[in-house]
Undergrad: 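What follows is a single structure, and I will ask about it in a moment.
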Amino acid sequence: MRKNIVAGNWKMNQNFAEAEDLIAEIADKLDKKKLNCEVIICPPSLYLEMASDYGDESILSIAAQNVSSFNNGAYTGEISASMLNAMEIEYCIVGHSERRKYFGEKDEILAEKVDRLLDNNMKPIFCIGEQLTDRENTNHFEVVKNQLSKGLFHLNNNEFLNVVVAYEPVWAIGTGMVATPQQAQEMHSFIRGLIAEKYDTQTANETTILYGGSCNAKNASILFANKDVDGGLIGGASLNADDFVKIVTAS
Ligand code: PGA
């Protein structure tokens, strides 16, 4: 059966001391016996080593927020999947709308990043989602289908089973304009249908599909109650230990 996941994407926030306090507080507040989901922390890359120490001893898994599309070599400023894997980082976010928008990452590059991660035994958390204008023009299904197929559908069945998909409508990210539970369920079920069409029903049923975009301690349980919503990718609300733990508990 597929697993539920709640992942906290810290983005470019927190100095080192704050980051250490936050992860320690989260680890402390979570009770392993009561968890229904895997909990992933995605800190800035500078803090991955510190965070992975908590990952070792506690109930947290760790994800990087970005990875190079290259293997290794003269690529100043980049971090490779093999470096992350050597640090025992298990997951990495790929295709976040902020990377697509501010760093011009296109589908082809994102597909290469996915390949680098899988080559190095890591699991991509692959983000897809439409802009507000896409939804207003009822083009949102097409946009999501394109992102999914261009970023992931070159994978074979076994490779695809290592991918977590995150549906993040861009208009909901950091805006407080959360998708309704109906909108989330409708898109998640559409995504699962596309996976079933491309691979098979079993693969689709085993794929974890997260919702992201203004998910918080108040709305998490109603979003997660949908049958095709398997947890969340949480931005702003993951920077507060109490709120994040409430979201984890809602899954
Ligand atoms: P948000 O961000 O929860 O702050 O809307 C979600 C994300 O970008 O993953």
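Note that ligands are numbered from 1 as they come in the structure, with each ligand's atoms numbered from 1 the same way.
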Undergrad: What's the shortest distance from atom 9 (O) of ligand 1 to any protein heavy atom, and which residue and atom give it?
TA: E168 OE2, 2.6 Å
Undergrad: Check whether any N or O atom of G235, backbone or side chain, sits under 3.5 Å from an N or O atom of ligand 1, and answer yes or no.
TA: yes
Undergrad: Any heavy atom of S214 sitting closer than 4.0 Å to ligand 1?
TA: yes
Undergrad: Please confirm whether G174 approaches ligand 1 to less than 4.0 Å, judged on its heavy atoms.
TA: yes
Undergrad: Is a side-chain N or O of N85 found less than 3.5 angstrom from the main chain of A81, in a donor-acceptor match?
TA: no
Undergrad: Could you tell me, atom by atom, which parts of ligand 1 come under 4.0 Å of a heavy atom of H96?
TA: 7 (C), 8 (O), 9 (O)
Undergrad: When you measure from the side chain of N240 to the backbone of D243, do you find a donor-acceptor pair of N or O atoms at a distance under 3.5 Å?
TA: yes
Undergrad: Are Y211 and F224, when compared by the centres of their aromatic rings, separated by less than 6.0 Å?
TA: no
Undergrad: Could you tell me which atoms of ligand 1, counted from 1 in the order shown, lie closer than 4.0 angstrom to a heavy atom of I173?
TA: 2 (O), 5 (O), 8 (O)
Undergrad: Counting from 1, what ligand 1 atoms have a heavy atom of A172 closer than 4.0 Å?
TA: 5 (O)
Undergrad: Which ligand 1 atoms does G236 reach within 4.0 Å, using its non-hydrogen atoms?
TA: 1 (P), 3 (O), 4 (O)
Undergrad: When you measure from the side chain of Q147 to the backbone N and O of G129, does any donor-acceptor pair fall under 3.5 Å?
TA: yes
Undergrad: Do you know which two heavy atoms are closest between R192 and N205, and how far apart they sit?
TA: CD-OD1, 4.0 Å
Undergrad: Check each atom of ligand 1 against the heavy atoms of L233 and keep those under 4.0 Å away; list them by number with element.
TA: 6 (C), 9 (O)
Undergrad: What class does the angle between the rings of Y167 and H188 fall in, given that below 30° is parallel, 30 to 60° is tilted and above 60° is perpendicular?
TA: perpendicular
Undergrad: Salt-bridged, K150 to E108, with N to O below 4.0 Å?
TA: no
